[in-house]
*Asks:* 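Here it is, the structure, as structure tokens.
Numbers here are sequence positions counted from 1.
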Amino acid sequence: MSSMQSNSSANVTFVRPANFFINGFFNIPHAKYYYVFLFLVYVVTVLGNSFIMCIIYLARRLHTAKYIAVFHLAFSDLCGSSALIPKVIDTFLFEHQDISYEACLAYMFFVYHFMNTQSLTLLVLSYDKLVAICFPLRYHAIVTKPTMFLIVGVMWIFSVTFFSVLVGSVNRLSFCGSNVLDSYFCDYGPIYRIACNDNSVNILLGKICYSLLIFTPLILIFISYFCIALVLFNIPHGVDRIKAIKTCTSHFILVAIFYIPILSNNIASIITPLHPNARIINNSLTQTIPPMLNPIIYTLKTEEVMQSIKDLYKRSKVNTTTDRRIKCSRGN
């Protein structure tokens, strides 16, 4: 299925395949309709996240530290889906299942990196909620634009560094047997599992990756919401408590949509072995559906965003009416 090239280094022969073959679904009828569905998901994702980014850019009332993080979440969702879905469609819908070794590693890096920035941005937004509710009088002094830009910058440096190391660790593996990946993209686990030399370092890095991507942010988000809950229970007036809860609703839904499917898939795979086709469907939906839903939820569940959309619509109507009047007066 592919040509192999061998290199000898330090008395150890490393076999690096010229390409990998991404297997995808196994013996499932009408699989192409699923990839058409993913294409529709991608279209909605691009339109929704582009829309929310434009609203944040155009509406001055949204030029705050919090919406720097919201803008970054939309950007990460857009880039993450763009890194994954078009390539998946090209791979299986157009039957380009062979991918070069170098392209496979680049593919893996971008998918993992943007998935990680999505997770870390949800953590940053929980920090914003924590400060807003627990320290309302100091919020504008703590959560500032420079601080938020610094947090996002550190997030990128950390993510790029870690996933460069993770992807680079594949180069220490020798592939003297199969080059077939039982996945729908260049996934780290299926790659190190087909290696024929010691992959213990890669297994360790995979576990660290999962901890950084899922468990650590989720635990910190849980702690932040626990602290928020303690403050909310001490609010004497029910109206103020409900108002504070409403400010957390959209973020809580985003967290649930992102983390629950991932945790469910992994728990299910531990309890009972999943069929490869079921695993591919579960994992692909887990990676593609949240980026599509995030801008919809933020638009519908966040009062500031809805009000900004209304203000921009009214402003555009006023500008259109004014332009027409000017044109009419010139015509007369």
*Asks:* Run Lys145 and Leu150 through side-chain contact (heavy atoms from CB on, under 4.5 Å) and show every step you take.
*Replies:* CA-CA 9 Å; Lys145 289 182 184 179; Leu150 178 63; over 6 Å; no
*Asks:* Taking the side chain as everything from C-beta on, heavy atoms only, tell me whether Val124 gets closer than 4.5 Å to Leu120.
*Replies:*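 Answer no - side chains too far apart.
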*Asks:* Has the side chain of Ser284 got a donor or acceptor atom that lies under 3.5 Å from a matching backbone atom of Ile281?
*Replies:*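 Such a contact is found between Ser284 side chain and Ile281 backbone.
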*Asks:* Determine whether Leu38 and Leu40 fall in the same hydrophobic cluster, where Ile, Leu, Val, Met, Phe, Trp and Tyr are linked whenever their side-chain heavy atoms lie under 4.5 Å apart.
*Replies:*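 As far as the 4.5 Å side-chain criterion goes, Leu40 and Leu38 are connected within one cluster.
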*Asks:* Looking at side-chain heavy atoms only, is the closest gap between Leu73 and Ile52 below 4.5 Å?
*Replies:*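 No - every pair of side-chain heavy atoms lies 4.5 Å or more apart.
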*Asks:* If you take all heavy atoms of Arg315 and Leu58, which pair is closest and at what distance?
*Replies:*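 Nearest pair, atom of Arg315 first, then Leu58: NH1-O, 4.2 Å.
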*Asks:* For residues Asp311 and Gln307, is any side-chain donor paired with an opposing acceptor at under 3.5 Å?
*Replies:*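 The answer is yes; a qualifying pair exists.
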*Asks:* Does any N or O in the side chain of Ser174 come within less than 3.5 Å of the main-chain N or O of Val15, such that one atom is a donor and the other an acceptor?
*Replies:*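 Such a contact is found between Ser174 side chain and Val15 backbone.
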*Asks:* Return the minimal non-hydrogen interatomic distance between Ile55 and Leu62, and the atom names on each side.
*Replies:*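 So the minimum-distance heavy-atom pair works out to CG2-CD1, 3.8 Å.
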*Asks:* Answer yes or no: does atom OH of Tyr101 have more than 12 heavy-atom neighbours from other residues, nucleotides or ligands under 6.0 Å?
*Replies:*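 Count over threshold, so yes.
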*Asks:* Is it true that Tyr34 and Phe92 have ring centroids separated by less than 6.0 Å?
*Replies:*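 They do not qualify: ring centres at least 6.0 Å apart.
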*Asks:* Does atom CZ of Phe252 have more than 12 heavy-atom neighbours from other groups under 6.0 Å away?
*Replies:*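 Open: at most 12 neighbouring heavy atoms sit under 6.0 Å from CZ of Phe252.
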*Asks:* Give a yes or no answer on whether the side chain of Ser50 reaches the backbone of Leu47 with a donor-acceptor pair at less than 3.5 Å.
*Replies:*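 No: the side chain of Ser50 does not pair with the backbone of Leu47.
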*Asks:* Following the transitive rule for hydrophobic clusters with a side-chain heavy-atom cut-off under 4.5 Å over Ile, Leu, Val, Met, Phe, Trp and Tyr, establish whether Ile280 and Phe37 coincide in one cluster.
*Replies:*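 Both belong to a single hydrophobic cluster.
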*Asks:* Output, in order, the C-alpha distance, side-chain angles, deciding distance and verdict of side chain to side chain donor-acceptor pair (under 3.5 Å) for Asp90 and Tyr35.
*Replies:* CA-CA 9 Å; Asp90 178 64; Tyr35 302 117; over 6 Å; no
*Asks:* Mark yes or no for whether Ser159, through its side chain, and Trp156, through its backbone, hold a donor-acceptor pair below 3.5 Å.
*Replies:*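 Checked: no pair found.
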*Asks:* With a 4.5 Å heavy-atom cut-off, do Ser119 and Tyr259 have their side chains touching?
*Replies:*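 Yes, close enough: below the 4.5 Å cut-off.
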*Asks:* Would you kindly confirm whether Phe149 and Ile56 end up in one hydrophobic cluster when ILVMFWY residues are joined by side chain heavy atoms under 4.5 Å apart?
*Replies:*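 Yes, Phe149 connects to Ile56 through the hydrophobic network.
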*Asks:* Under a 3.5 Å distance rule, please check whether Thr302 uses its side chain to pair with a backbone N or O of Val305 as donor and acceptor.
*Replies:*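 No, because the side chain of Thr302 does not come within donor-acceptor range (under 3.5 Å) of the backbone of Val305.
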*Asks:* Just by distance, with hydrogens left out, do Thr91 and His96 show a side-chain donor and acceptor under 3.5 Å apart?
*Replies:*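 On atom types as modelled, these side chains do not qualify, holding no pair under 3.5 Å.
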*Asks:* Would the Tyr192 and Tyr188 ring centres measure less than 6.0 Å apart?
*Replies:*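 Under 6.0 Å, so yes.
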*Asks:* Determine yes or no for a side-chain-to-main-chain donor-acceptor pair under 3.5 angstrom, with His63 supplying the side chain and Tyr57 the backbone.
*Replies:*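 Indeed, once roles are kept as given, a pair shorter than 3.5 Å links the two residues.
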*Asks:* Determine, for Lys246 against Glu303, whether the closest basic-nitrogen to carboxylate-oxygen distance falls under 4.0 angstrom.
*Replies:*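 Result for this pair is no, no salt bridge flagged.
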*Asks:* Answer with yes or no whether the side chains of Asp77 and Thr45 bring together a donor and an acceptor at under 3.5 Å.
*Replies:*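 Asp77 and Thr45 do not have a side-chain donor-acceptor pair below 3.5 Å.
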*Asks:* Is there a donor in the side chain of Asn197 and an acceptor in the side chain of Arg172, or the other way round, less than 3.5 Å apart?
*Replies:*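 Judged by distance alone, the side chains do not pair up.
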*Asks:* Under a 4.5 Å cut-off applied to non-hydrogen side-chain atoms, are Val131 and His140 in contact?
*Replies:*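 Result no, sub-4.5 Å side-chain heavy-atom pair not found.
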*Asks:* Identify the heavy atoms of Gln118 and Pro291 that sit nearest to each other, and give their distance.
*Replies:*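 In this case the closest contact between Gln118 and Pro291 is OE1-CG, 4.2 Å.
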*Asks:* Would you say Ile260 and Leu285 are hydrophobically clustered, going by side-chain heavy atoms of ILVMFWY under 4.5 Å?
*Replies:*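 Different clusters.
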*Asks:* Is the side chain of Thr216 donor-acceptor paired with the backbone N or O of Ser211 at a distance under 3.5 Å, no angle test?
*Replies:*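 Yes, the answer is positive, given that a donor and an acceptor are paired below the 3.5 Å cut-off.
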*Asks:* What class does the angle between the rings of His113 and Phe109 fall in, given that below 30° is parallel, 30 to 60° is tilted and above 60° is perpendicular?
*Replies:*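 His113 and Phe109: parallel rings.
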*Asks:* Got a donor-acceptor contact below 3.5 angstrom from the Gln97 side chain to the Phe21 backbone?
*Replies:*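 Flag not set: sc Gln97 to bb Phe21 has no pair under 3.5 Å.
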*Asks:* How far apart are the C-alpha atoms of Met148 and His72, what are their side-chain angles, what is the distance that settles it, and do they pass the side-chain contact (heavy atoms from CB on, under 4.5 Å) test?
*Replies:* CA-CA 10 Å; Met148 193 60 73; His72 185 262; over 6 Å; no
*Asks:* For a quick test of reading the model, state the closest non-hydrogen atom pair linking Arg16 to Asn171 and the distance between them.
*Replies:*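 Where Arg16 meets Asn171 most closely, the heavy atoms are NH2-OD1, 3.4 Å.
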*Asks:* Tell me whether Asp187 contacts the main-chain N or O of Ser183 through its side chain, where contact means a donor paired with an acceptor under 3.5 Å.
*Replies:*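 Not a single qualifying donor-acceptor pair exists.
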*Asks:* Do Phe185 and Lys87 come within less than 4.5 Å of each other through their side chains, counting heavy atoms only?
*Replies:*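 SC-SC contact between Phe185 and Lys87 ruled out.
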*Asks:* Distance alone, cut at 3.5 Å: any donor-acceptor contact between the side chains of Tyr184 and Asn23?
*Replies:*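 Their side chains do not contain a donor-acceptor pair, so the 3.5 Å distance test is not met.
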*Asks:* Go through the steps to decide whether His251 and Tyr225 satisfy the test side chain to side chain donor-acceptor pair (under 3.5 Å), and finish with yes or no.
*Replies:* CA-CA 11 Å; His251 178 259; Tyr225 269 102; 2.7 Å; yes
*Asks:* Within the structure provided, determine whether Asn49 and Phe75 are in side-chain contact (heavy-atom separation under 4.5 Å).
*Replies:*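 No, every pair of side-chain atoms sits at 4.5 Å or beyond.
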*Asks:* Distance alone, cut at 3.5 Å: any donor-acceptor contact between the side chains of Ser100 and Asn19?
*Replies:*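 No pair is found: no donor N or O on one side chain lies under 3.5 Å from an acceptor on the other.
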*Asks:* Write down the atom of Ile133, the atom of Cys248, and the distance for their closest heavy-atom approach.
*Replies:*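 Distance-wise, the nearest heavy atoms are CD1-SG, 3.3 Å.
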*Asks:* Do side-chain atoms of Asn277 reach the backbone of Phe26 as a donor and acceptor pair under 3.5 angstrom?
*Replies:*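 Yes; at least one donor-acceptor contact below 3.5 Å.
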*Asks:* About how many Å separate CD of Gln287 and CG of Asn265, when rounded to the nearest 0.5 Å?
*Replies:*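 One finds 10.0 Å between CG of Asn265 and CD of Gln287.
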*Asks:* Verify the distance criterion only: is there a donor paired with an acceptor across the side chains of Ser164 and Thr161 at less than 3.5 Å?
*Replies:*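 Result is no, nothing qualifies.
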*Asks:* Tell me the closest heavy-atom pair linking Pro261 and Ala256, and the distance in Å.
*Replies:*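 Result for this residue pair: CD-O, 3.6 Å.
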*Asks:* Shorter than 2.5 angstrom, is that how the SG atoms of Cys104 and Cys186 come out?
*Replies:*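 Judged by the SG atoms alone, which are under 2.5 Å apart, Cys186 and Cys104 are bridged.
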*Asks:* Tell me whether Val88 is reachable from Tyr33 by hopping between hydrophobic residues (I, L, V, M, F, W, Y) whose side-chain heavy atoms are closer than 4.5 Å.
*Replies:*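 Different clusters: Tyr33 never reaches Val88 through Ile, Leu, Val, Met, Phe, Trp or Tyr contacts under 4.5 Å.
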